[in-house]
There are 2 protein chains.
Amino acid sequence: MYSKELLKGTLTAIILKLLAENEKMYGYEISLHVRELTGGKIHLKDGSLYPALQKMTADGLLSFKEEYIGKRIRKYYYLTKKGQKEKIAYLEELKDFMITLNKIVFPQIKTA
Amino acid sequence: MYSKELLKGTLTAIILKLLAENEKMYGYEISLHVRELTGGKIHLKDGSLYPALQKMTADGLLSFKEEYIGKRIRKYYYLTKKGQKEKIAYLEELKDFMITLNKIVFPQIKTA
DNA sequence: TAAATATACATAGAATTATGATGTATAAAA
DNA sequence: TTTTATACATCATAATTCTATGTATATTTA
């Protein structure tokens, strides 16, 4: 696990990216996906993920529809039009930042 | 300029890296250096930099000695033994995190 | 020479956001 | 039947950067 501060500012980008690829996902699914994709290195906590999804929904980036699996509720989130647009800007910014940071901290590594 | 949150968790690593390369630097010099290295894209604010330097000093990563340029004070910071050791861990973690993040968000980019 | 800008430090309060702790409840597996 | 996994949620806390503000000296420019 990484020092928590590193994740800051990247969680939104991660969620946007996953939803851009998968069309609709529920919270727990996102959590499992991230854990899998990173070999357990990034483990989104409930207390981080659910508030983030709610905030992004409030900001108009996401929307959701509820489905019932038996008696259990599941909220499938998906990108809104706005979310699709802003995804591009978010990821661009993150990419640019990572390239810039690389220049300072790991000048020997070349990022395409 | 990047959305402020992105920088979180990276500032310490940036300072450690610069001081590892330059032996001793004062705050304003670090600020100018970062601005130059990033083409103005990362602009450390006074309110971020000076408290960070103080915290790192309190944590035993840095030490400083004051010099007077005319009447003006200058605090030259340098890495302590502890700072030299922890620099390695910090940068390793950051590097690992960036590679991991890349896998999720930019799977097409290969980081060495 | 006066004004503006750059240098150089600093702190306090605000804002952001991930986490830890805690809670509810159902389904599946041991 | 007890434990573990699934699935949601909230609140208080911690951590950290930024904004705003302040002090003061040195240099450049009008």
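Just so it is clear: chains get the letters A, B, ... in the order the sequence lines come, proteins before strands, and each one is counted from 1.
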Inset, instruction - Identify whether A:L32 and A:L53 are in the same connected component of the hydrophobic contact network (ILVMFWY, side-chain heavy atoms under 4.5 Å). - result: yes
Inset, instruction - Specify the separation, in whole Å, of atom OH of A:Y2 and atom C1' of C:dT17. - result: 20 Å
Legend entry - Under 3.5 Å donor-acceptor, A:T38 side chain and B:T100 backbone: no
Inset, instruction - Among residues two or more places apart or on two chains, list those pairs meeting ring pair (Phe, Tyr, Trp, His ring centres under 6.0 Å) that have a residue in residues 72-101 of chain B. - result: A:Y2-B:F97, B:Y26-B:Y76, B:F64-B:Y77
Legend entry - Between C1' of C:dT19 and CG of A:L11, the distance in whole Å: 12 Å
Which pairs of donor and acceptor atoms, one on a side chain in residues 39-47 of chain A, lie under 3.5 Å apart (sequence neighbours left out)?
from: A:K41; atom 1: NZ; to: B:D96; atom 2: OD1; distance (Å): 3.2
from: A:K41; atom 1: NZ; to: B:D96; atom 2: OD2; distance (Å): 3.2

Legend entry - Spacing of A:I15 atom CD1 relative to C:dT17 atom C1', expressed in whole Å: 12 Å
Inset, instruction - Please answer: with hydrophobic residues joined when any side-chain heavy atoms are less than 4.5 Å apart, are A:Y50 and A:I69 in the same cluster? - result: no
Legend entry - 5'-most by nearest nucleotide on DNA chain C - A:L44 or A:K71: A:L44
Inset, instruction - Could you check how far CD1 of B:I42 sits from C1' of D:dT17, rounded to whole Å? - result: 13 Å
Legend entry - Atom-to-atom span, CG of A:L6 to C1' of D:dA15 - whole angstrom: 13 Å
Inset, instruction - Go along nucleotides 4-14 of chain D 5' to 3' and tag each nucleotide: B for a protein heavy atom under 4.0 Å from its base, S when only backbone or sugar atoms are that close, - otherwise. - result: -SBSBBB----
Inset, instruction - Take atom CE of B:M25 and atom C1' of C:dT7, then tell me their distance rounded to the nearest Å. - result: 15 Å
Inset, instruction - Verify the neighbour count for atom CD of A:E66: are there more than 12 heavy atoms of other residues, nucleotides or ligands below 6.0 Å? - result: yes
Inset, instruction - Calculate the interatomic distance between B:H43 atom NE2 and C:dT7 atom P; express it in whole Å. - result: 11 Å
Inset, instruction - Let me know the distance between CD1 of B:I14 and C1' of D:dT16, rounded to the nearest Å. - result: 14 Å
